[in-house]
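Read through the structure below, which is laid out as structure tokens, and then see the notes.
Side chains are part of it too, since the values below use all heavy atoms of this structure and drop only hydrogens, waters and symmetry mates.
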Amino acid sequence: MTPVYKSGQMITCSVLLQGESEEFFCSFIYALNTVEERKELWVDMRNHNEALMFKNKKWMILGDYNEILDGSRHSAFESSPRLPMGMRDFQEVVRDCKLNDMGYQGPQFTWCNKREEGLICKKLDRVLLDDVALLRF
């Protein structure tokens with residue numbers, strides 16, 4: 001595993017598994033709290049996607065994006081079904097980079113505000129794969 005990029009919200013490594021002839025890239029995400037701060041992460045992801053180093057290579061992006069990808073991943077979405085700007089930004093970067101949200105097993109939500117009144121739960125952690133990685137993994 002060789003680090004190839006680091007920012008405040010993303011670390012990307014080149015990974016070459018024993019017995020494999022071709023590397024793949026793995027980005028680890030810990031997104032910042034505000035919509036504005038996360039815009040830098042979305043730019044980083046788009047830049048990765050467009051970089052020659054990543055062309056036709058397997059790319060896995062995993063971690064805490066601090067944003068939901070769709071309304072069903074928010075416990076209170078049905079009572080307030082509007083699309084927040086942060087969610088739209090995240091959807092756009094996933095679409096622009098042609099990323100696939102991987103399925104999961106376990107609890108529907110990965111974060112909770114732990115309040116007795118006004119409880120909010122969300123799925124903020126996920127694994128995304130590009131098309132090349134999806135075919136391989």
| request: Check whether any side-chain N or O of Glu40 sits under 3.5 Å from a backbone N or O of Glu37 as a donor-acceptor pair, and report yes or no. | output: no
| message | Could you check whether any side-chain heavy atom of Thr12 comes within less than 4.5 Å of a side-chain heavy atom of Met10, counting everything from C-beta outward? | response | yes
| Using the ring of each side chain (for Trp, its six-membered ring), is Tyr5 parallel, tilted or perpendicular to His48, with breaks at 30° and 60°? | perpendicular
| Between Met60 and Val15, is any pair of side-chain heavy atoms under 4.5 Å apart? | no
| said: Looking at Leu129, is its backbone amide N or carbonyl O close enough to the side chain of Asn100 to form a donor-acceptor pair, meaning the two atoms are under 3.5 Å apart? | reply: yes
| Asp89 and Lys39 ion-paired at < 4.0 Å | yes
| Checking ring-ring contact (aromatic ring centres under 6.0 Å, His included) for the pair Phe24/Trp59: CA distance, chi angles, key distance, verdict? | CA-CA 6 Å; Phe24 69 93; Trp59 184 29; over 10 Å; no
| remark: side chain to side chain donor-acceptor pair (under 3.5 Å) filter on Glu92, not counting sequence neighbours, yields none
| message | So does Asn33 get a backbone contact from the side chain of Arg38, meaning a donor-acceptor N/O pair under 3.5 Å? | response | yes
| query | Within a reach of under 6.0 Å around OH of Tyr30, are more than 12 heavy atoms found that belong to other residues, nucleotides or ligands? | reply | no
| message | Would you say CG of Leu135 has more than 12 non-hydrogen atoms from neighbouring residues, nucleotides or ligands within 6.0 angstrom? | response | yes
| request: Look up atom SG in Cys97 and atom CZ in Arg46, then write down how far apart they are to the nearest 0.5 Å. | output: 6.5 Å
| query | Is the closest side-chain heavy-atom distance between Ile29 and Leu41 below 4.5 Å? | reply | yes
| Sidechain-backbone polar pair: Gln9 side chain, Leu32 backbone, donor-acceptor under 3.5 Å | yes
| task | In plain terms, say whether Asp131 and Lys98 are close enough for a salt bridge, that is, a side-chain N and a carboxylate O under 4.0 Å apart. | result | no
| said: Between Asn49 and Asp96, is there a side-chain donor-acceptor contact under 3.5 Å, judged purely by atom types and distance? | reply: no
| message | Measuring only between side-chain heavy atoms, which start at C-beta, is Leu99 closer than 4.5 Å to Met45? | response | yes
| message | Counting C-beta onward and ignoring hydrogens, is there a side-chain heavy-atom pair between Cys13 and Ile11 closer than 4.5 Å? | response | yes
| message | Can you tell whether the side chains of Arg136 and Glu20 come within less than 4.0 Å, N to carboxylate O? | response | yes
| query | With side chains defined as the heavy atoms from C-beta onward, is the minimum distance between Ile61 and Val127 less than 4.5 Å? | reply | no
| said: Working to the nearest 0.5 angstrom, can you tell me the gap between Phe54 CZ and Ser27 OG? | reply: 5.5 Å
| Straight-line distance of Arg95 CZ to Arg88 CZ, nearest 0.5 Å | 12.0 Å
| query | If you measure from CG on Asp101 to CD on Gln91, what distance do you get to the nearest 0.5 Å? | reply | 11.0 Å
| query | Under a 4.0 Å N-O cut-off, is there an ion pair linking Glu22 with Lys58? | reply | yes
